[in-house]
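Here's the structure, in structure tokens; my notes come after.
Atoms within each ligand, like the ligands themselves, are counted from 1 in listed order. What you see below is based on every heavy atom in this structure, not just the backbone, and it leaves out hydrogens, waters and symmetry mates.
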Amino acid sequence: MKITLPYAGIVLLIGPSNSGKSTFIQRLIEENKIHASEVVSSDDFRVLVSDTDFIDWKQRPKDEADNLYDQYQIISREAFSMMDLLIEKRCKLNKLTFVDATHLHADDRKRYIEIARNNHVPIVAVAFDVNQETLLERDDLREKPRGKRRIRQQFQTFKREKRFIKKEGYMASFFISGTNDIEIIRRTNNP
Ligand code: ATP
């Protein structure tokens, strides 16, 4: 499968936890197809604004998780606000930015479609369509599992949202289930 990326704009990764978004990006960096500074991730921004990733907060005992919930919401809001500002600046400078987060909800995706549109750059979607069984198996092997309930919820949301993603106004949308046979083509800025 060929994935053609624009010279500038946004590459929106979409997929549940464990679908392989960060692994895919890491592979592209290792193969020198993209540069690490072209990637922004919500997990990284949570750490940057709060020194914690909150990755396993839902896994904590109920009382602790309830207490962390409000904190998680506040920190996520600040993290996304910083991240979006950076994406916007990069769009203005005609840079390409890969956004690594789940983007399972239409409102989250819409924000990036608007940022791209307001800055006159394209946006493409790369969706990671992986079956639930695989997502759950991978969770068992993770150092910080995201939790089975959360994975199942995310999988159902993704399944529901798939058909909308195709019609949301991306320059192109790619649905991938494995990463081995993918060829990345980057457009140059030559007309
Ligand atoms: P999150 O949204 O939670 O950050 P993600 O979609 O970015 O998840 P990754 O961090 O790339 O997912 O991968 C999650 C786990 O699944 C890791 O342990 C990784 O090694 C494994 N994994 C990812 N892709 C594959 C793959 N193609 N084959 C086997 N294991 C994989």
Anything under 30° is parallel, anything over 60° is perpendicular, the rest tilted; go ahead and classify F158 against F175.
tilted
Within ligand 1, which atoms have a heavy atom of S17 less than 4.0 Å away?
1 (P), 2 (O), 3 (O), 8 (O)
Looking only at non-hydrogen atoms, the one of R142, Q26, R27, R150 nearest atom 10 (O) of ligand 1 is R142
Ligand 1 atoms in contact with P16 (distance to a heavy atom under 4.0 Å)
6 (O)
Does D43 come within less than 4.0 Å of ligand 1, judged by its heavy atoms?
yes
Judged by non-hydrogen atoms, does G15 sit under 4.0 Å from ligand 1?
no
So, does D139 use its side chain to make a donor-acceptor pair with the main chain of G147 at under 3.5 Å?
yes
Please determine, by modelled atom types, if R46 and T52 share a side-chain donor-acceptor pair under 3.5 angstrom.
no
Has ligand 1 got any nitrogen or oxygen that is less than 3.5 angstrom from a nitrogen or oxygen of D100?
no
So if I count the atoms of ligand 1 from 1 in the order they appear, which ones are less than 4.0 Å from some heavy atom of T23?
9 (P), 11 (O), 13 (O), 19 (C), 23 (C), 24 (N)
Which one holds for K21 and ligand 1: side chain close, backbone close, both close, or neither close, with close meaning a heavy atom under 4.0 Å?
both
More than 12 heavy atoms from other groups under 6.0 Å of CE on M171
yes
Quick one: are F128 and I176 in side-chain contact, heavy atoms under 4.5 Å?
yes
When you measure from atom 31 (C) of ligand 1 to each heavy atom in E143, R138, Q154, which option holds the nearest one?
R138
Would one find more than 12 heavy atoms of other residues, nucleotides or ligands at under 6.0 Å from atom NZ of K159?
no
From the options Q156, R109, H105, select the one residue that forms a side chain to side chain contact (heavy atoms under 4.5 Å, CB included) with E161.
R109
With nothing but distance in play, are any N or O atoms of F24 less than 3.5 Å from an N or O of ligand 1?
no
Would the distance check show the side chain of R138 and the main-chain N or O of N18 forming a donor-acceptor pair, the cut-off being under 3.5 Å?
yes
Counting each atom of ligand 1 from 1 as listed, which ones have a heavy atom of R146 under 4.0 Å away?
3 (O), 4 (O)
